[in-house]
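Everything on this sheet refers to the single structure shown next.
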Amino acid sequence: MTTAKDIVGTMTAPSAEESAFVEKAYEFSKKAHAAHTRYSGEPYFVHPSAVAKVLAEYGMDATTVAAGLLHDAVEDGCIPREEVEKEFGKELLFIVDGVTKLGTHKYRGAERHAESLRRLLIATASDIRVLIVKLADRYHNMQTLEHVPAHKRRRIALETLEIYAPIADRLGMGKMKSDLEDLAFPFVDPDAAAHTAELRKLKTKETETGLASVQKELQRELAKKGLAAFRTDIRIKGLWSLHQKLKRKDDDITRIHDIAALRIIVPAIADCYAALGAAHALYKPLPGEFKDYISFPKPNGYQSLHTTVVTPEAGIVEIQIRTEEMHRRAQFGIASHMSYKQLGKGIEKLEKDAQKRRFSSLSFSWIRSLIPSLMKVSKGAGRTKDAAPVPPWLAELVEAHSEVAGSEEFVEGLKEDFFSHRVFVFTPQGDVVDLPAASTPIDFAYAIHTDLGNHLQGAKVNGKLVSFDTALSNGDVVEILRRESAHPSSKWLEYAKTSLARKQIRAALGLGELSRQRRRMRAR
Ligand code: MN
C-alpha cells in the first residue's frame, strides 16, 4: 500500500503546509473508502493512493495530488461534495468534479466519433489538471485491468488506446502515452501484441551487443570533444508504436531502424549539435533521415535531434540527442511545468519561451482551446446550469491575452475555434456526435446515416419528443424515430444547419445538381 510518506516524499519540494494538506487528504480518503474493495479483492484505497503517487511523480502541485487521493471519494466513497469543499476548498472540488464528469463520457468503439470524443473530453475538462488526474487514474486502472470482468476489459482498453493515449500525446506526455498504449494493446489485440513482442525481442537480442559497443564508442568520442557532462541510454520502442510502424512498412521489420535507439542527453542546446557532429564524424548518416525537432518542435512541443547512422557493430541505428530539460518535457509534457505554484505563471512562461525560441504558436493551441469555452461562461449573463466555474488562472490568462497588442493571430484563433461553434450530443448508445452550433435533429439524423435522415419521422431529446427545428445543446441525448413512409419536406431545408443534411435533403427532394441534370436530359 502506498503510504502518505511515499506520496509526500515523491512530491517536488512541498512546503510543510502542502505536505499537511496531502496527508490530511490521505487520511480522509482512506476513511471514505474503508468499506470498499477493488475487483482484485484489495482495499479500494490502494487505487486513489497509487493515483496520487503517479501525480506526485509527474511533479503536480499539492492540490492536484490531494485531488488524486479524493477523486473517487464523492462518487464511490459517498462523501457529500459540500464536505469535500469545506475540508479541502473549492479548487480541489472543482478538479474532483471534473474527473467525475469525464468518466460519464464513454467510448464504445465507433472510430468516426473518436476525435469528437477526444475534443469533448478536453473541452469538458476545462482545466488541464482535471485531464492529468484522469490520465493518472486511467494509468493505474490499466495496470490492474486483468481483475476487471472480461466483458468490460476490451472496451476500457480500446478507450485507453483510442482516446486517452492520444490526449496524453497532445499534452506532450510521451511516457504516459506509451505506457497507456502498451498496457492496453494486449487486451485489444492479444495475437498482434504477442507477435510484436516476439519480433521486438528477437531484433533487440540481435543488436544488443552491437548497440552496447556503439554506445561505448560514442561515449569515448564525446569525451574527446570535451563533452563531459552527458549521459546515454538505450530506448526500446513501445509495442503499440512498433505495431503501428510495422503496419506502415508491410510487416517488414528490417525496414524499421528505431526499435532500439541510442539516446544522448546533454546539458545545453549547443551540446546537442556538438554531439550530433561527433556522431556523424564517427558514423555515416543515412541521407534524408536527419530531423531537427529542436529548431522545429513537434506540435505537442517535443524537441530532440534525430539522426539515423550506419554502424559496423549494430547496423542501422537511430540516435536521439536532447537536453535534460527536453528529456523531462518529452516524458512529462505539460505536467513538467506544473511545479509552478500557479499554473497561470507556468503557461505564461511556456508562451514566453516559445516566443524566445520562435516556437510555432501551434504548440500551445490546445491550451488556448480550453479558453473560449470558459470565456463564454464568464461573459454570459447567467451561468448555465452545469457550467464549470472559471479557474482564476485561466481567467487571468484570457484577460492577459485580450490586452496584448498584435495578438491578432490569437483573436483570430478564438473566432475560428472549434469549441465555440460546436455542440456535442449523444446517440442513445452514448456515441458522441459533434455538430455546428444550433444544429437540429435533422442534422443529427443525417450525421448518423443518410437513410436515417431520409426516413426521419420524429425525434426525442433527452427522452422527450421535440419539433424538427429544435436547436440541440451540449450533452443532449438524441433519439431518431424512423419510418419507411416518412420523407423530407422542403421546410427541412430551413431547419438544417449542416451542408451535409442540406445536400441530402435537396437530393431527396429532387433539387440536387444530379437530378437537375437528369431533368434537363429528359426535357430534351
Ligand atoms: Mn478512479
Side-chain angles (χ1 to χ4, degrees), residues 1-4 6-7 10 22 25-58 60-81 83-84 87-88 91-107 117 121-122 124-149 152-161 163-165 167-168 171 173 176-177 179-180 183-184 187 335 430:
M1 175 85 71
T2 318
T3 64
D6 289 337
I7 298 169
T10 309
V22 170
Y26 184 92
E27 292 307 324
F28 191 93
S29 170
K30 196 173 180 179
K31 243 181 247 150
H33 293 296
H36 311 120
T37 49
R38 302 264 292 167
Y39 281 123
S40 60
E42 289 175 301
Y44 193 90
F45 184 60
V46 165
H47 170 63
S49 55
V51 169
K53 175 92 186 296
V54 173
L55 291 167
E57 277 163 14
Y58 274 79
M60 303 304 290
D61 64 341
T63 309
T64 313
V65 172
L69 279 162
L70 296 164
H71 78 275
D72 284 329
V74 174
E75 214 187 10
D76 299 335
C78 304
I79 304 292
R81 295 176 62 253
E83 197 178 336
V84 173
E87 297 294 327
F88 299 98
E91 205 182 341
L92 184 138
L93 180 65
F94 173 79
I95 299 176
V96 171
D97 277 346
V99 175
T100 309
K101 218 196 255 171
L102 290 190
T104 60
H105 304 307
K106 291 195 166 64
Y107 179 65
L117 185 55
L121 290 179
I122 293 176
T124 319
S126 73
D127 183 326
I128 302 142
R129 293 174 299 177
V130 172
L131 279 176
I132 294 175
V133 174
K134 183 68 197 171
L135 288 171
D137 174 46
R138 180 50 62 104
Y139 172 70
H140 183 251
N141 283 335
M142 289 308 295
Q143 286 178 318
T144 50
L145 193 63
E146 81 261 22
H147 300 297
V148 170
K152 288 187 174 176
R153 278 180 222 153
R154 202 186 127 82
R155 192 200 70 76
I156 296 173
L158 201 62
E159 182 176 78
T160 302
L161 210 50
I163 306 298
Y164 287 104
I167 289 178
L171 301 182
M173 299 166 75
M176 180 66 86
K177 168 190 175 270
D179 284 348
L180 287 176
L183 286 165
F187 292 99

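Note: hydrogens, waters and symmetry copies are ignored here, and every other heavy atom, side chains too, is used. Counting starts at 1 for both ligands and their atoms, following the listed order.
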### Query
Are Glu159 and Arg155 ion-paired here, with the side-chain N under 4.0 Å from a carboxylate O?
yes
### Message
Please tell me whether His71 and Asp137 have a donor and an acceptor in their side chains that are separated by less than 3.5 angstrom.
### Response
yes
### Query
Given atoms NE2 of His71 and OD2 of Asp72, what angle do they subtend at the Mn ion (ligand 1), to the nearest 10 degrees?
80°
### Message
Looking at the Mn ion (ligand 1), is there an N, O or S atom belonging to Asp76 that lies under 2.8 Å away from it?
### Response
no
## Note on the structure
Answer key: the N, O or S atom of Asp137 nearest to the Mn ion (ligand 1) is OD1
#### Entry: Check: Arg138 side chain, Ile156 main-chain N or O, donor-acceptor pair, under 3.5 Å
yes
### Asp97 and Thr100 side chains, donor-acceptor separation under 3.5 Å
no
